[in-house]
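The structure under discussion appears below in the form of structure tokens.
Convention: sequence-line order gives letters A, B, ...; per-chain numbering from 1.
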There are 2 protein chains.
Amino acid sequence: MATMKDISKKANVSIATVSAVVNQSAFVSPELTDRVNKAIEELNYRPNAIARSLKKKSTNTVGVILSDILNPYYPAIVKGMDDVAINNNFSVILCNTSNDKSRFLSYLDVMEEKRVDGLILANISTQEDLLELEKRRLNFVLVNRRPPGYNTSYVGVNNELAIEIAVDHFSSLGYKRIAFIGGNSEISTSKERLNGFVKGMKKNGLQISNSLIFQGEYTQDSGYASVIKMLKEVQVLPEAICASSDLIAFGVIKALREQGIQVPEDIAVMGNDNNHFSGEFLVPLSTINHPTYEMGKLGMEMLLQGISEGANHYPKQIILTPSLVVRESCNFAHREKVITK
Amino acid sequence: MATMKDISKKANVSIATVSAVVNQSAFVSPELTDRVNKAIEELNYRPNAIARSLKKKSTNTVGVILSDILNPYYPAIVKGMDDVAINNNFSVILCNTSNDKSRFLSYLDVMEEKRVDGLILANISTQEDLLELEKRRLNFVLVNRRPPGYNTSYVGVNNELAIEIAVDHFSSLGYKRIAFIGGNSEISTSKERLNGFVKGMKKNGLQISNSLIFQGEYTQDSGYASVIKMLKEVQVLPEAICASSDLIAFGVIKALREQGIQVPEDIAVMGNDNNHFSGEFLVPLSTINHPTYEMGKLGMEMLLQGISEGANHYPKQIILTPSLVVRESCNFAHREKVITK
DNA sequence: GTGAAAGCGCTAACAG
DNA sequence: CTGTTAGCGCTTTCAC
């Protein structure tokens with residue numbers, strides 16, 4: 001493959017001149033520019049970004065690490081990131097850890113060796129992982145999840161508020177006995193959502209029953225399992241269920257229906273995050289919308305800004321505001337009946 | 001950041017020796033190995049993959065180009081690719097064209113400049129795009145879509161068979177008047193699926209009515225719009241609708257329901273591709289399963305094999321077989337009634 | 001077994 | 001304005 005040297009020979013100019021026209025980094029007389037461009041054309045020359053990176057000590061590529069691309073929460077985030085990356089001439093290396101810690105660590109190694117200019121991570125919930133990350137000399141911003149107390153570059157949504165809104169909605173509809181079915185308690189978003197539940201219940205003067213709080217995973221199966229568990233353990237069923245994610249809500253509703261419990265007639269259900277398919281679920285899901293595309297977009301913008309500003313960068317956090325989406329899973333006029341087993 | 005030179009000084013060995021122990025590319029006495037490793041530890045050294053790439057003329061990274069990460073068909077494909085990439089010490093640069101041709105071209109440029117070792121493309125349907133691709137000196141394999149007549153490295157699913165299976169299923173249930181609602185007719189999978197429809201209808205001795213064949217996009221909105229169009233244009237409604245993708249089927253069912261037409265009681269609907277949420281759609285969708293994860297996995301395996309084998313590589317095509325998934329959207333005992341407007 | 005040295009393709013002083 | 005040159009950090013002969 002042709003190199004600048006080949007071009008310089010062919011065009012009878014110095015290699016520096018070639019570089020200057022390729023990068024438009026200095027004025028070159030129209031005549032020479034022409035000769036160079038012609039040679040480039042003829043030899044089908046492409047600058048070698050690897051060589052340039054070695055010299056410039058920057059790669060114009062960033063890594064994106066997330067835990068599970070199959071979770072429908074992420075594709076929009078990734079799209080947001082990719083859109084701004086390409087607009088700024090950056091490439092993104094995608095790393096899908098599949099929730100595997102050792103895989104996460106090996107991605108970190110690779111990213112460091114490949115000298116990415118920065119990293120966006122959507123999978124950091126613990127101090128431990130953060131420490132691991134900070135060991136590397138990498139620019140980074142966290143997205144969606146964050147360890148407790150973390151207060152530098154981050155963009156996420158107000159998870160606490162999300163569930164508060166959900167509880168408010170339930171309360172305004174007259175529901176009082178409300179269950180919460182959450183995700184993995186290690187994950188920051190999951191904690192924040194549970195906090196939001198507690199806060200919302202208190203705010204509305206509603207009583208919290210510990211027997212109606214469940215934690216599991218951010219999956220449909222987990223939501224399903226939690227309901228089965230609840231049905232077994234609890235004497236008086238809740239009037240409404242607040243799920244920590246739409247995927248969980250899907251599982252919840254599935255389990256309920258299989259047990260002959262109608263949604264929303266018997267029990268109301270709210271989701272959270274506004275999955276692409278929530279509107280067309282077995283029963284159209286009322287939920288809380290999360291601006292995921294924005295999150296990815298802003299995350300990447302923040303990272304690139306950090307990269308270009310270097311030490312002058314002033315770190316910040318952006319917290320996006322979620323909003324209520326009313327559909328059919330909890331619109332039923334509330335009755336006073338209490339369901340017992 | 002420490003370099004091999006730093007290590008070599010600190011450990012009092014030559015730079016070549018450092019390289020040898022880092023890469024285990026030659027025997028080094030245990031003593032020197034120790035000294036080197038100690039120095040590496042102390043200086044927190046990380047090999048510079050950029051420099052290595054420049055020298056070795058290979059980057060251990062591949063590009064993946066696809067048209068729309070938001071389409072639920074792709075995440076599993078990407079996961080399959082990423083899984084095998086990491087296992088082989090490769091990174092993947094994700095490129096999401098958003099169906100934008102100029103963006104596709106600029107991705108190609110970038111991939112060439114960044115000297116990726118290969119490319120997987122899931123968005124190539126036309127001769128034109130293929131030509132554009134072949135201009136670059138890049139190893140590549142096509143996945144999912146392919147231009148007519150293309151017969152080198154490819155992995156996809158038997159789209160024709162998929163729809164044939166769907167038609168067979170309808171036929172076995174007694175449905176005769178069947179509509180087909182397809183995607184963009186430019187896209188290879190879309191054509192193949194339409195062919196499968198025609199083939200299946202003929203095979204089952206069923207009459208094809210051109211007024212019952214629609215093309216649009218692989219989206220819910222498009223499926224919705226096609227049904228509205230059909231309802232307006234057609235005198236005698238079909239008994240069953242064969243959708244080219246689940247997303248389309250979602251739109252179809254939504255439109256039908258809004259018009260007061262029950263699925264499957266009034267009209268049966270089959271999807272295609274087995275979207276993650278098809279089982280929990282408003283009406284659980286009977287569909288055809290596509291092994292998407294496998295497709296990504298095999299595609300990446302094929303590419304990496306091609307890369308390592310170089311000119312000795314013997315190109316091939318892998319066609320995965322889809323399978324019927326029966327749920328509720330076309331199980332209704334068929335009645336002889338004909339619906340007219 | 002280990003070290004010296006050339007060179008991958010490019011950028012950026014620095015001279016002229 | 002244009003050319004010369006010294007590296008960027010690493011791999012890889014080729015001597016010793």
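Within the nucleic acid shown, K57(A) comes within 4.0 Å of sugar-phosphate atoms alone, with no base atom in reach, counting heavy atoms only. Within 4.0 Å of T17(A), counting heavy atoms only, lie sugar-phosphate atoms of the nucleic acid but no base atom. Note on L32(B): only backbone sugar-phosphate atoms sit closer than 4.0 angstrom, heavy atoms only; bases stay farther off. Using a 4.0 Å heavy-atom distance criterion, V22(B) is classed as making no nucleic acid contact.
As a whole-Å value, the separation of R52(B) CZ from dT12(D) P is 9 Å. Distance, K5(B) NZ to dG7(C) P: 18 Å, rounded to whole Å. In this entry the distance linking CG of L54(B) with P of dC8(D) reads 13 Å, nearest Å. At whole-Å resolution of the value, CE in M4(A) and C1' in dC8(D) are 15 Å apart. The interatomic distance linking L43(B) (CG) with dG9(D) (P) rounds to 14 Å, in whole Å. Taking atom NZ on K114(A) and atom P on dC10(D), their separation rounds to 15 Å, with Å as the unit. One interatomic measurement links the two molecules: CD1 of I7(A) to C1' of dG9(C), which rounds to 12 Å at whole-angstrom precision. Spacing between atom CD of E113(A) and atom C1' of dG9(D) amounts to 13 Å, rounded to whole angstrom units.
Atom-to-atom distance recorded for S67(A):OG and D100(A):CG is 11.5 Å, nearest 0.5 angstrom. To the nearest 0.5 Å, the span separating CD1 on I307(B) from CE on M300(B) amounts to 8.0 Å.
For the OP1/OP2 pair of dC8(D) and a distance below 4.0 Å, the side-chain nitrogens and oxygens of N48(B) include no atom meeting the criterion. For dC8(C), neither phosphate oxygen OP1 nor OP2 lies less than 4.0 angstrom from any side-chain nitrogen or oxygen of S53(B). For dT2(D), the OP1/OP2 oxygens have no side-chain nitrogen or oxygen of S14(A) closer than 4.0 Å.
Proximity of a side-chain donor or acceptor of S190(B) to a complementary backbone N or O of G183(B) within less than 3.5 Å is detected.
Side-chain atoms of Y45(B) lie closest to dC10(D) of the nucleotides dT11(C), dT12(D), dC10(D). Checked against dG9(C), dC10(D), dT11(D), the side chain of K56(B) finds its nearest nucleotide in dT11(D).
Counting atom types as modelled, K55(A) pairs no side-chain N or O with a base atom of dG9(C) as donor and acceptor under 3.5 Å.
The number of heavy-atom neighbours closer than 6.0 Å to CD of E134(A), taken from other residues, nucleotides and ligands shown, is above 12. Taking a 6.0 Å sphere around CD of Q127(A), one finds it holds more than 12 heavy atoms contributed by other residues, nucleotides or ligands.
Mapping N23(A) and V13(B) onto DNA chain C via the closest heavy atom, the residue that lands nearer the 5' end is V13(B).
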